[in-house]
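Structure record follows, encoded as structure tokens.
Note that ligands are numbered from 1 as they come in the structure, with each ligand's atoms numbered from 1 the same way. What's counted below: heavy atoms across the whole structure, side chains too, no hydrogens, waters or symmetry copies.
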Amino acid sequence: MTRQRSAELYRRACELMPAGVNSPVRAFGSVHGTPLYIARGEGAHLIDADGQRYLDCCGSWGPLILGHAHPEVLAAVERTARDGLTFGAPCAPEIALAELVTASYPGCEMVRFVSSGTEAVMSAVRLARGFTGRDLVVKFNGCYHGHSDALLVAGGSGLVTFGVSSSAGIPQGAVADTVVVSLDDDDALTALFAERGDRIAAVLIEPVPANAGLLLQRPEFLRRLRDLTREHGALLILDEVISGFRLGLAGAAGLYGVTPDLATFGKIIGGGMPVGAFGGRRDIMQRLAPLGDVYQAGTLSGNPVAMAAGAATLNLLADGRVFRQLEDLGQMLEARVAPVAAATGAAFARLGSIFWLAMQAPAPRRVEDVRREGMGRYADLHGRLLEQGFYLAPSGWEVGFLNAAMTATDVASLGDAVVEGLQRA
Ligand code: PMP
């Protein structure tokens, strides 16, 4: 493998953009070497600027459940784009996607589309505050909800990768009403509600925390959240930006039997285009402008091409076959990797097509329990896998994703490479 062309591009990029990138973890800061420049995606594979192929286990960080350049998604995009890229006025593709989302997701009676996961969560939090007339928002240590000021405390994703728990440039006042609690801690939550329950607008959680490793929660913990919020008149917001339409059409809500008041979506819902959404109870959603007094807007929100890509993707997921295929592939990978991981002091955490190699055992449930020392071992493993044509997220804090363009042979060879890497790294 050579990275000559990628390295050239990276050098140019670094002159023009901070660290050469437009999103921090892409810079390969916590793994070896320089980032690959991607020329093309083809099904399960990435092709880099030097013409080499990699099995893509990052999937653009989640959207590509069908793999790259799925013909039906591309056809929808091409067809729609021919009629114009954006109108700033209502269009039918918005309705098609809204129908698919509301028909699939528990308790989602109405939806509003935005252009990113960050916007979706930021807007849902504003709506929850406006609806309840309360200020406090509870979030969990290690959960990432995008980079809006109020939520950029104790986040996962790039924040843990770079060892900072927050960000400069955020005034204390912006996070003064954000309360951070540990995952998997029923007692802390019960105490918090006993003390300040009448001031809590919303509890916000990634039901499948996947931004500081994969910190799988006990279903009872999520149900406890539902009970406490309901008892105290607070809203429950499930951030399904990763889990939505990946674990099934009903997301983690369906899997765990926990119906939120509001949910946020991104990634898969846009089929690879910049789309986010938030939705939920009709009485809450009707507080949004122009019906209500909670303002929220967007020049490109609901743009036809992005809506068409999302709808084409959700239509391809509708019969459930993709989810079954991904579960089969996930089980296969787990059966190959988990025993070797355990034998080498690591653990393989997985839910459906989301997986994480924890460089410790057992796999933790809380970010406080994730050992930073394991990240060096991940970096070595990452380098080895890349050399053999497997592209994993360039950080040990990030999860991997399987996609429906992968074959059993692809996943078997991934399993073999991971096993060999674990034995050596
Ligand atoms: N919420 C979660 C759970 C996420 O994983 C992410 C991004 N990875 C976001 C919100 C923010 O989404 P975006 O990057 O599209 O702004």
query: So which pairs with a foot in residues 175-193 pass salt bridge (charged side-chain N to carboxylate O under 4.0 Å, His left out), sequence neighbours left out?
result: Asp184-Arg218, Asp186-Arg218
message: When you compare ligand 1 with Gly117, is there at least one nitrogen or oxygen pair between them that comes in under 3.5 angstrom?
response: yes
- request: Would you check the N or O atoms of His145, main chain and side chain alike, for any that come under 3.5 Å of an N or O of ligand 1?
  value: no
query: Tell me, do Arg126 and Val121 make a side-chain contact under 4.5 Å, heavy atoms counted?
result: no
query: Between Glu240 and Tyr105, is any side-chain donor less than 3.5 angstrom from a side-chain acceptor?
result: yes
- request: Give a yes or no on whether a salt bridge exists between Arg112 and Glu94, defined as a side-chain N under 4.0 angstrom from a carboxylate O.
  value: no
query: Glu119 to ligand 1: N or O pair under 3.5 Å?
result: no
task: Specify side chain, backbone, both or neither for Thr264, according to which of its non-hydrogen atoms lie closer than 4.0 Å to ligand 1.
output: neither
task: Could you name the option among Val241, Ile205, Ile242, Val275 that has the heavy atom nearest to atom 6 (C) of ligand 1?
output: Val241
Contact (N/O only, under 3.5 Å) between Thr118 and ligand 1: yes
Non-hydrogen side-chain atoms of Leu183 and Leu189 separated by less than 4.5 Å: no
- prompt: Are Glu109 and Arg281 side-chain neighbours, meaning at least one heavy-atom pair lies under 4.5 Å?
  reply: yes
- request: Could you list the atoms of ligand 1 found under 4.0 angstrom from a heavy atom of Glu206?
  value: 3 (C)
query: Is any side-chain heavy atom of Phe355 less than 4.5 Å from a side-chain heavy atom of Cys57?
result: yes
- prompt: Of the options Arg287, Arg282, Arg226, which is the one that meets Asp261 in a salt bridge (Lys or Arg N to Asp or Glu O under 4.0 Å)?
  reply: Arg226
- prompt: Strictly under 4.0 Å, does any heavy atom of Trp61 approach an atom of ligand 1?
  reply: no
- prompt: Counting from 1, what ligand 1 atoms have a heavy atom of Gly146 closer than 4.0 Å?
  reply: 9 (C), 10 (C), 11 (C)
message: If the cut-off is 4.0 Å to any non-hydrogen atom of Asp239, which atoms of ligand 1 fall inside it?
response: 1 (N), 2 (C), 3 (C), 10 (C)
query: Under 4.0 Å from any heavy atom of Ser116, which atoms of ligand 1 are there?
result: 15 (O), 16 (O)
message: If the contact criterion is a heavy-atom separation under 4.0 Å, does Lys267 count as touching ligand 1?
response: yes
